[in-house]
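Comments concern the structure below.
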Protein chains: 2
Amino acid sequence: MRQLDETDLEILSLLAADARRPYSEIGEEIGLSGPAVSDRVTRLQEAGIIRNFTIDVDRSELRAGVPVLIRLETTAIDRLRDRLREADPVEHVFVTAEGEVWFYARAEARNVRTWVESLLGEAEATYTVTLVEEAEWTPSIDGLEFALTCAECGNTVDAEGETARIDEEVYHFCCPSCLDRFRSRYQRLEESA
Amino acid sequence: MRQLDETDLEILSLLAADARRPYSEIGEEIGLSGPAVSDRVTRLQEAGIIRNFTIDVDRSELRAGVPVLIRLETTAIDRLRDRLREADPVEHVFVTAEGEVWFYARAEARNVRTWVESLLGEAEATYTVTLVEEAEWTPSIDGLEFALTCAECGNTVDAEGETARIDEEVYHFCCPSCLDRFRSRYQRLEESA
DNA sequence: TCTGAAAGGCCATAGAT
DNA sequence: ATCTATGGCCTTTCAGA
């Protein structure tokens with residue numbers, strides 16, 4: 001029930017670069033006071049856009065296991081995705097539009113075959129393993145400025161847009177009418193279920 | 001020139017889960033005082049193991065572009081890797097042992113072909129594009145406890161090990177002799193270059 | 001929703017072990 | 001390398017607009 005604007009994206013960008021930067025300093029850069037930045041960060045957390053404050057660890061220096069990229073062909077996509085997400089050595093999970101599951105992990109054992117199979121459990125899947133020499137994570141908030149799309153009509157969402165939380169999920173809208181239409185559609189859907 | 005032990009890994013794990021947790025609280029959990037934790041965090045930063053403090057943003061809620069996984073076959077691996085690392089829409093870059101480059105990004109344009117080619121610049125490469133439906137980042141420090149390997153002999157590095165910074169790079173060793181051997185080998189290498 | 005002042009808490013330093 | 005104690009900065013709260 002509040003607006004998500006470019007100022008929020010600027011804050012995200014600055015915090016992604018350095019989450020320990022004082023709010024007063026961030027405020028100076030974007031033309032707000034410290035407390036105002038604090039408020040917005042709280043709201044971004046409540047909306048689920050900031051999932052948490054964390055550290056970026058250089059895993060290559062810890063040299064834990066052999067980094068591998070694995071492609072799975074399976075019929076049990078959801079079950080495997082959930083299982084992999086929980087597994088400690090797994091760092092990234094991708095589900096493709098073709099229904100394949102890809103994941104990046106650090107194999108802890110000499111025998112990769114048994115390691116993969118213990119990771120998969122009883123789910124049936126065929127897989128191919130690719131050794132990785134380098135892996136880098138380079139997140140960026142920049143370039144997203146005008147990238148928000150309306151959940152109802154697909155248009156770009158700008159500073160005039162609205163953000164709403166419906167059933168624990170956050171949606172963005174370009175205008176109040178789209179929000180209304182989405183709400184009633186959603187309600188009809190729920191009633192029929 | 002200092003020891004890297006399991007306590008450091010515990011701190012990394014706790015900070016990865018919540019980087020805003022007070023040091024005094026972290027200290028209580030692992031049996032140290034606040035300032036002692038502060039000291040170790042400073043050292044982990046100086047050693048380059050903590051790259052920076054950041055936020056984990058739920059990008060799926062920002063809906064910026066179409067997520068794609070792209071495989072490149074190229075002879076200009078280093079040049080492309082560096083170029084991709086700098087590009088805003090690129091979030092992950094993997095270089096495989098076979099010399100392929102994989103990357104995950106959010107394509108901002110309708111025409112993926114021109115978008116990829118502008119990303120690659122003048123480097124020659126053939127590529128295949130896979131659409132991604134879901135992407136998750138699930139980092140974990142747990143499971144790395146005894147995973148440090150000696151840069152000289154490959155053995156496991158435990159609490160008795162040593163860590164040294166040589167030419168802006170951090171290396172771990174299982175014992176002082178391995179550190180010495182590595183140092184002299186490195187020096188000979190430099191002199192011959 | 002923002003600003004500005006004030007309170008409380010946290011981090012980092014200093015000095016001793 | 002770690003502890004306790006302290007000083008100073010940062011975050012958050014609270015009126016007011």
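All heavy atoms count here, side chains included; hydrogens, waters and symmetry mates do not.
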What is the distance, to the nearest angstrom, from the [atom1] atom on [X] to the [atom2] atom on [N]?
X: B/L44; N: D/dA1; atom1: CG; atom2: P; result: 12 Å
X: B/I30; N: D/dC3; atom1: CD1; atom2: C1'; result: 14 Å
X: A/I26; N: C/dT3; atom1: CD1; atom2: C1'; result: 18 Å

(message) So does A/A17 get a backbone contact from the side chain of B/N52, meaning a donor-acceptor N/O pair under 3.5 Å?
(response) yes

(message) Has B/S13 got a side-chain atom pairing as donor or acceptor with B/L9's backbone, closer than 3.5 angstrom?
(response) no

(message) Do the side chains of A/E29 and A/R21 get close enough for a salt bridge, i.e. N-O under 4.0 angstrom?
(response)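 Looking at A/E29 and A/R21, the cut-off is met.
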
(request) Between C/dT3, C/dT1, D/dA1, spot the one nearest the side chain of A/S33, thanks. (result) C/dT3

(request) Check every atom of D/dT2, C/dT3, C/dT1 against the side chain of B/R43 and return the nucleotide holding the closest atom. (result)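 My answer, after comparing the listed nucleotides, is D/dT2.
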
(request) Output the distance between atom CD (A/E134) and atom CG (B/D78), rounded to the nearest 0.5 Å. (result) 7.5 Å

(message) How bent is the helix from C/dT1-D/dA17 to C/dT17-D/dA1, measuring the angle between the end axes built from five pairs each, rounded to 10°?
(response) 30°

(request) Do nucleotides 9-15 of chain C as a string where each nucleotide becomes B, S or -: B if the base has a protein heavy atom under 4.0 Å, S if just the sugar-phosphate does, - if no protein is that close. (result) -SSSB--

(request) Using side-chain contact (heavy atoms from CB on, under 4.5 Å) as the criterion, point out the one residue from B/L80, B/I70, B/L69, B/V68 that pairs with B/F103. (result)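 Of all the options given, the one that passes is B/I70.
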
(request) Among A/I55, A/D56, A/T54, find the residue that satisfies the side-chain contact (heavy atoms from CB on, under 4.5 Å) test when tested with B/F53. (result)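 Exactly one candidate clears the test, A/I55.
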
(request) Could you state whether A/W115 and A/L72 fall into the same hydrophobic cluster, counting links through intermediate Ile, Leu, Val, Met, Phe, Trp or Tyr residues with side-chain heavy atoms under 4.5 angstrom apart? (result)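 As far as the 4.5 Å side-chain criterion goes, A/L72 and A/W115 are connected within one cluster.
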
(message) Going by the rule side chain to side chain contact (heavy atoms under 4.5 Å, CB included), which residues pair with B/Q187 if we only count those two or more places apart in sequence or in a different chain?
(response) B/E191

